[in-house]
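First the structure, in the form of C-alpha cells, and then the observations on it.
By convention here, the first residue in the shown sequence is residue 1.
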Amino acid sequence: MASLRVVNRLVCRGFIVLTLLLMFFNEVLIYYIAQASWQPIDCTLSNCTRMLLIADPQILGTSYDRSSHSPLARYDSDRYLQKSFERALSFTQPHIIVFLGDLLDEGNIATAQEYKQYVKRFKRIYQSKKYNNRIHVPGDNDIGGDNGDYISNSNQRRFENEFMSEDLFEYDNHVRFFKINRMLLDFTNPDREHNAERLRIGVSHAPLLIGGGPLLRAIISDIDPHIIFSGHWHESRIFIYPSTKVINFYENAVRHFDLKALKEEEHSYLEIMVPTCSYRMGKAKIGMGYAVLENYNLSYTVLWQPNRFILLFTYVFWGLFVLCVAIVYKMMTRCPFRVAKRQSIYNRISNIPQF
C-alpha cells in the first residue's frame with residue numbers, strides 16, 4: 001500500500017506540472033512566439049513616423065451574453081487584448097496609436113453606468129504612460145448607425161467626451177489625420193488652407209473607397225488623402241481606387257507604397273483595411289496593423305496574433321484527457337485489490353472444517 005501511495009503522489013504531481021506548463025505556454029509564451037513571426041520595419045530617416053493601428057477590439061458588454069460563464073469570457077477577452085497590445089507596443093514603439101472604431105461591443109445600447117464601466121475596462125486594457133499620441137474614431141457599435149440604426153446625440157457626445165477630447169490632429173508638422181464618419185456622412189477638416197503642405201491620412205471605421213458615393217467624392221475634393229485606414233469588416237485588405245482592385249493581405253510580409261507617385265502619377269487612392277484584433281469576432285486571422293511613414297513612403301504589415309480559441313480548446317482536451325486517465329488509473333489500481341480481497345475471504349471460508 002505504501003508503494004501505491006507513492007505512485008499516486010508521483011502521478012498527481014506529474015499532471016500538476018504538465019498543467020502548469022500548458023498554462024504557461026497558453027498564457028505567456030504564446031504571445032512571444034507570435035511576436036517572433038512579426039516583420040520589423042526599420043526607420044532610415046529622421047522624420048520616421050511609426051503607427052500602431054487597432055481595429056474592432058469590441059470590449060464585451062453584459063447585455064448580449066448573460067450566461068453563467070460570461071464573466072469569465074469578458075475577463076479572458078480583456079486579458080487577451082491587453083497581452084497582445086503590450087507585445088505590440090514593445091515591438092513597434094509607435095509614435096501614434098490609431099483606434100479604428102468599434103472600441104466597445106455594446107457602446108450604442110449601454111446605459112450611462114454601463115458605459116462608464118466599459119470605458120474603464122477599455123482604458124485599463126490599452127493603458128500606456130509612454131505612448132500618449134492617440135486617435136479614436138467611432139464605430140457603429142460605439143454610437144450606432146449599422147444598417148441604418150438611429151444615432152443619438154447623447155451617444156455621440158459621450159464617445160467624444162471619453163475618447164476624442166485629446167485626440168491628435170497633426171503630428172510633427174508634416175502628417176495630418178482626418179477623422180471620417182461614414183455613418184454620419186461627416187468628416188473633420190479644420191485647417192484647409194495648409195492641407196497641401198502636409199501628408200494627409202484619413203481614418204475611418206467603415207471602408208470608403210469600396211463604397212463610393214457623395215461622401216467619397218467630398219473627401220477626395222476637400223481632403224484629397226494620400227491614404228485611408230479603416231476597419232469594420234474584420235478582414236485584412238488593400239483597396240486601390242478608382243480601379244476595382246482588391247488585395248487580400250494575410251501573409252507575414254511588409255508591403256511598400258510610394259504615396260506621392262500613387263497619387264500624382266497613377267491618380268489613385270489607397271485604402272488599407274486593418275483586421276480585427278479580437279478573437280471574439282470569430283475570424284481565423286486576427287491582428288493589428290503596423291505602418292511606418294518616411295516622407296511619402298509607406299511600409300505596412302500586420303502583427304498577427306495567436307488564435308485564442310485553439311488555445312482554449314487545448315484546455316478542454318487536456319481536462320478530458322486527465323479525467324479519462326484518472327478514471328482508468330483508479331480502476332486499474334483498485335479493482336485488483338478488491339478481487340484479491342474477495343478471493344482471500346473465499347479461501348478462508350473454504351478452509352473452515354466441516355462437521
Crowded around [X] [atom1]? As in, over 12 foreign heavy atoms under 6.0 Å?
X	atom1	answer
E166	CD	no
K120	NZ	no
F169	CZ	yes
F309	CZ	yes

Less than 4.5 Å apart, any side-chain heavy atom of [X] and any of [Y]?
X	Y	answer
I210	W233	yes
L89	L52	yes
S278	I286	no
L208	R182	yes
S268	Y241	no
F239	I228	no
N189	N195	yes

Got a donor-acceptor contact below 3.5 angstrom from the [X] side chain to the [Y] backbone?
X	Y	result
H234	P275	no
T111	E114	yes
R200	I223	yes
S230	H205	no
S90	E86	no
H226	L259	no
R50	Q93	yes
T19	F15	yes
R134	M164	no
S236	V274	no

**Single hit among D191, L199, I201, L168 for side-chain contact (heavy atoms from CB on, under 4.5 Å) with R176** = D191
Can you tell whether the side chains of [X] and [Y] come within less than 4.0 Å, N to carboxylate O?
X	Y	value
K283	E235	yes
D105	R280	no
R237	E271	no

Can [Y] be reached from [X] by stepping across I, L, V, M, F, W or Y side chains whose heavy atoms are under 4.5 Å apart?
X	Y	result
M288	I97	yes
V98	F91	no
F249	I272	yes
L262	I227	yes
Y64	L81	no

Would you please say whether a donor-acceptor pair under 3.5 Å links the side chains of [X] and [Y]?
X	Y	answer
N47	N295	yes
T314	N26	yes
S154	S152	yes
E294	T44	yes
T49	H95	no
E170	H194	no
T62	Y118	yes

**Request:** Could you list the residues that satisfy salt bridge (charged side-chain N to carboxylate O under 4.0 Å, His left out) with R157, not counting sequence neighbours?
**Result:**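 For R157, no residue satisfies salt bridge (charged side-chain N to carboxylate O under 4.0 Å, His left out) once neighbours in sequence are set aside.
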Using the ring centroid of each side chain, check whether [X] and [Y] are separated by less than 6.0 Å.
X	Y	value
F177	Y171	no
F178	F187	no
W318	F321	yes
Y279	Y80	yes
W304	Y250	yes
Y296	F257	no
F122	Y126	yes

**Message:** Run I135 and K179 through side-chain contact (heavy atoms from CB on, under 4.5 Å) and show every step you take.
**Reply:** CA-CA 9 Å; I135 300 170; K179 298 177 186 177; 3.8 Å; yes
Working to the nearest 0.5 angstrom, can you tell me the gap between [X] [atom1] and [Y] [atom2]?
X	Y	atom1	atom2	value
D258	K263	CG	NZ	12.0 Å
I96	D167	CD1	CG	11.0 Å
D142	D140	CG	CG	7.5 Å
L53	C277	CG	SG	11.0 Å
Y115	N108	OH	CG	9.5 Å
R121	R124	CZ	CZ	7.0 Å

**Request:** Check the angle between the aromatic planes of Y300 and F229 and answer parallel, tilted or perpendicular using the 30° and 60° thresholds.
**Result:**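 Tilted, since the angle between the ring planes falls between 30° and 60°.
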**Request:** Evaluate the ring planes of H136 and F163, with Trp represented by its six-membered ring, and classify them as parallel (under 30°), tilted (30 to 60°) or perpendicular (over 60°).
**Result:**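 Correct class here is tilted.
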**Complete:** Closest non-hydrogen contact found for G139 with M183 is C-CE, 3.5 Å
**Prompt:** For the residue pair P94 and T92, what are the closest heavy atoms and their distance?
**Reply:** CD-OG1, 3.2 Å
**Request:** Tell me, with the steps shown, if Y31 and S84 meet side-chain contact (heavy atoms from CB on, under 4.5 Å).
**Result:** CA-CA 7 Å; Y31 297 98; S84 301; 3.8 Å; yes
**Residues in side chain to side chain donor-acceptor pair (under 3.5 Å) contact with Q39, at least two apart in sequence or another chain** =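 Applying side chain to side chain donor-acceptor pair (under 3.5 Å) to Q39 gives none.
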Can you give the donor-acceptor pairs under 3.5 Å from side chains of residues 212-221 to other protein atoms, not counting sequence neighbours?
none

**Asked** So N141 and L104, side-chain contact (heavy atoms from CB on, under 4.5 Å) or not? Walk me through it.
**Response** CA-CA 6 Å; N141 285 358; L104 313 176; over 6 Å; no
**Request:** List the steps, then state whether side-chain contact (heavy atoms from CB on, under 4.5 Å) holds for C48 with L293.
**Result:** CA-CA 6 Å; C48 168; L293 276 169; over 6 Å; no
